[in-house]
2 protein chains.
Amino acid sequence: MDRDKQTTSSTKQKILDAALDLIASFGYKGASVRKIAKAVGIRESAIYNHFKNKEEIFASIMQNLFVSPLDEFFTKKPPQIYAKRGKIYLLEFAMNIKILSFDSRHEKLFRIILVELMQNEKIRQIFLQKFFDEYIKHLSNAFFVMMQEGLIRSGDPLLMAQEFFAPLFYFRLHTLLLRMDDKSTTSLSTIFEKHVEFFWEGVAISS
Amino acid sequence: MDRDKQTTSSTKQKILDAALDLIASFGYKGASVRKIAKAVGIRESAIYNHFKNKEEIFASIMQNLFVSPLDEFFTKKPPQIYAKRGKIYLLEFAMNIKILSFDSRHEKLFRIILVELMQNEKIRQIFLQKFFDEYIKHLSNAFFVMMQEGLIRSGDPLLMAQEFFAPLFYFRLHTLLLRMDDKSTTSLSTIFEKHVEFFWEGVAISS
DNA sequence: TTTATATATTAACATATGTTCAGTTAATGT
DNA sequence: ACATTAACTGAACATATGTTAATATATAAA
């Protein structure tokens with residue numbers, strides 16, 4: 001029987017939390033079982049009561065990487081319906097990314113993706129899928145709608161989506177890198193809004 | 001005396017070449033001395049005839065990271081003089097990045113930067129300096145000139161520089177990630193040119 | 001030819017890592 | 001009270017790593 005179901009699950013969670021931190025800092029290889037155990041406050045052998053091996057810890061964390069907070073945005077506000085709002089819609093999307101940039105849990109997940117990007121093909125697939133496929137497709141739909149509504153000048157919606165998204169990605173990365181070394185991010189505090197302004201000026205049809 | 005100066009330097013170069021490849025693939029930690037030695041065709045202890053330790057190999061490679069091929073562009077074609085050309089100037093800059101994206105030696109250097117980005121503060125500084133400071137400042141000057149010349153609409157040159165550069169960075173990263181898994185990059189073959197077109201449409205003053 | 005020296009090899013070291021296993025502890029169900 | 005069992009500890013293992021020491025080899029200078 002469970003000696004203490006509470007303790008059990010909390011220890012398992014502690015391991016995951018510690019692993020998340022350590023992998024975000026040192027990568028998969030750098031996050032050793034001993035470091036994780038030490039962070040939790042147990043011996044390394046105790047880890048194996050909760051996970052089959054180190055790989056399983058990583059796999060468990062990986063699941064979180066598949067869940068994208070921006071999926072929620074596109075589900076709640078599908079472009080087909082809400083893109084008519086034009087600039088407002090783009091601003092909302094940009095604000096979502098801005099918020100994520102300063103959310104500490106999501107920052108860790110993003111760091112894990114980046115730290116493993118070049119060495120782990122699976123993570124690379126997730127990265128490509130999210131930042132170069134999914135979001136772009138959704139935004140592409142949005143721009144298509146805006147063209148139909150006569151809000152923006154006509155053109156290739158796919159290109160437009162990339163042009164709109166790329167700076168957001170660039171600013172998000174910039175934010176992360178500055179934060180890693182505890183540098184000031186004040187220069188980026190309004191950049192997301194400014195981007196939407198600039199972009200809209202370039203594509204909007206001033207009627 | 002040197003038994004064979006030719007052999008000496010070529011072995012040393014072989015070590016650097018092998019290390020470059022291995023670090024680009026597996027990162028600094030993953031590129032073990034034994035792997036490097038094996039790639040060169042000598043025992044690991046022989047490495048220490050050419051380098052004090054592993055750190056020195058890495059340091060030697062790091063020097064290359066400081067040299068940016070785009071510095072040459074801005075030296076040969078300073079914005080103060082050439083930016084008057086407007087769109088042509090932007091296209092030249094974009095083409096430089098495009099060419100680098102498909103240059104195998106530069107790809108390796110870029111991979112090393114990315115693979116160590118999250119774990120090595122020094123590399124992070126180089127990365128920030130190059131992609132978020134230097135290029136942006138140069139481009140910022142260029143846009144300032146274009147505004148003075150009445151080629152583009154007025155606005156914040158710094159913001160404009162970021163808006164212009166971010167997609168180029170985004171496409172460059174996309175190219176690298178696709179190439180890593182031997183995926184097709186045909187969809188990106190003309191994207192750099194298209195970006196310049198799109199951007200120019202958004203800022204140009206049609207006289 | 002002899003000598004000196006750069007460069008290589010073989011072997012070993014100290015350490016870090018992932019993992020296993022025998023035994024201990026403490027809470028739970030009977 | 002007693003047996004059961006999840007969770008933990010301590011110790012060890014096999015392996016990988018960075019590094020060093022003793023030794024061999026081969027080439028250039030004398």
Side-chain angles (χ1 to χ4, degrees), chain A residues 1-62 112 115-116 118-120 122-123, chain B residues 1-62 112 115-116 118-120 122-123:
Chain A
M1 336 304 165
D2 289 355
R3 164 171 54 162
D4 186 350
K5 192 72 186 180
Q6 218 70 16
T7 303
T8 298
S9 65
S10 92
T11 299
K12 185 162 187 170
Q13 192 55 49
K14 274 184 196 166
I15 293 171
L16 287 173
D17 290 343
L20 184 69
D21 278 353
L22 289 166
I23 295 174
S25 293
F26 307 112
Y28 178 71
K29 281 195 82 169
S32 69
V33 176
R34 280 176 176 77
K35 273 186 196 163
I36 295 171
K38 194 167 192 175
V40 175
I42 54 176
R43 304 294 157 200
E44 60 266 23
S45 52
I47 297 272
Y48 294 86
N49 286 317
H50 304 277
F51 296 93
K52 185 167 150 284
N53 50 29
K54 188 188 175 186
E55 181 62 31
E56 199 181 78
I57 301 177
F58 192 54
S60 182
I61 288 176
M62 282 269 283
I112 288 189
V115 85
E116 288 296 315
M118 306 300 286
Q119 314 212 41
N120 185 314
K122 197 176 258 173
I123 285 197
Chain B
M1 330 306 162
D2 290 353
R3 162 172 55 163
D4 185 350
K5 194 71 186 180
Q6 218 70 15
T7 303
T8 299
S9 65
S10 93
T11 298
K12 185 162 187 170
Q13 193 54 49
K14 274 184 197 166
I15 292 171
L16 287 173
D17 290 343
L20 184 69
D21 277 353
L22 289 166
I23 295 173
S25 294
F26 307 113
Y28 178 70
K29 282 196 83 169
S32 68
V33 176
R34 279 175 176 78
K35 273 186 197 164
I36 295 171
K38 193 166 193 175
V40 174
I42 54 176
R43 305 294 158 199
E44 60 267 24
S45 52
I47 297 273
Y48 294 87
N49 285 318
H50 305 276
F51 296 93
K52 185 167 152 284
N53 50 30
K54 188 188 176 186
E55 181 62 31
E56 200 181 77
I57 301 176
F58 192 53
S60 181
I61 288 176
M62 282 269 284
I112 288 189
V115 85
E116 287 296 314
M118 307 300 285
Q119 313 210 42
N120 185 315
K122 197 176 259 173
I123 286 198

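Since the model is a prediction, treat every value here as computed from it, not as a measurement. First the proteins, then the strands, lettered A, B, ... as listed; each starts at 1.
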Which whole-number value in Å describes the distance from [X] [atom1] to [N] [atom2]?
| X | N | atom1 | atom2 | value |
| --- | --- | --- | --- | --- |
| A:K12 | D:dA7 | NZ | P | 9 Å |
| B:I42 | C:dT10 | CD1 | C1' | 14 Å |
| B:K35 | D:dT19 | NZ | C1' | 18 Å |
| A:F58 | C:dG18 | CZ | P | 13 Å |
| A:F51 | D:dA6 | CZ | P | 17 Å |
| B:K38 | C:dA8 | NZ | P | 18 Å |
| B:K54 | D:dT17 | NZ | P | 9 Å |
| B:Y48 | C:dT7 | OH | P | 17 Å |

Verify the contact: side-chain N or O of A:T11 to OP1 or OP2 of D:dC8, cut-off strictly under 4.0 Å; return yes or no. yes
It should be established whether A:H50 places a side-chain nitrogen or oxygen under 4.0 Å from OP1 or OP2 of nucleotide D:dA6. no
For [X] and [Y], which heavy atoms make the closest approach, and how far apart are they?
| X | Y | answer |
| --- | --- | --- |
| B:A39 | B:L22 | CB-CD1, 4.4 Å |
| A:A31 | A:K54 | O-CE, 3.1 Å |
| A:V115 | A:G27 | CG1-CA, 3.9 Å |
| A:E116 | A:Y28 | OE2-N, 2.8 Å |

By the definition side-chain contact (heavy atoms from CB on, under 4.5 Å), identify the one residue from B:V33, B:I57, B:I36 that meets it with B:F51. B:I57
Test B:F26 against A:K29 for side-chain contact (heavy atoms from CB on, under 4.5 Å), laying out the working first. CA-CA 10 Å; B:F26 307 113; A:K29 281 195 82 169; over 6 Å; no
What I'd like to find out is whether the side chain of B:E56 reaches to under 4.5 Å of the side chain of B:Y48, using heavy atoms alone. no
Just call it for A:R43: base, sugar-phosphate, or nothing, with non-hydrogen atoms closer than 4.0 Å on any strand. sugar-phosphate
Per nearest nucleotide of DNA chain D, the residue lying toward the 5' end, B:N53 or A:A46, is A:A46
Using a 4.0 Å heavy-atom cut-off, write out nucleotides 11-16 of chain D from 5' to 3' as B (base contacted by protein), S (sugar-phosphate only) or - (no contact). -B----
Side chain of B:N49 - closest among C:dT7, D:dA7, C:dG18: C:dT7
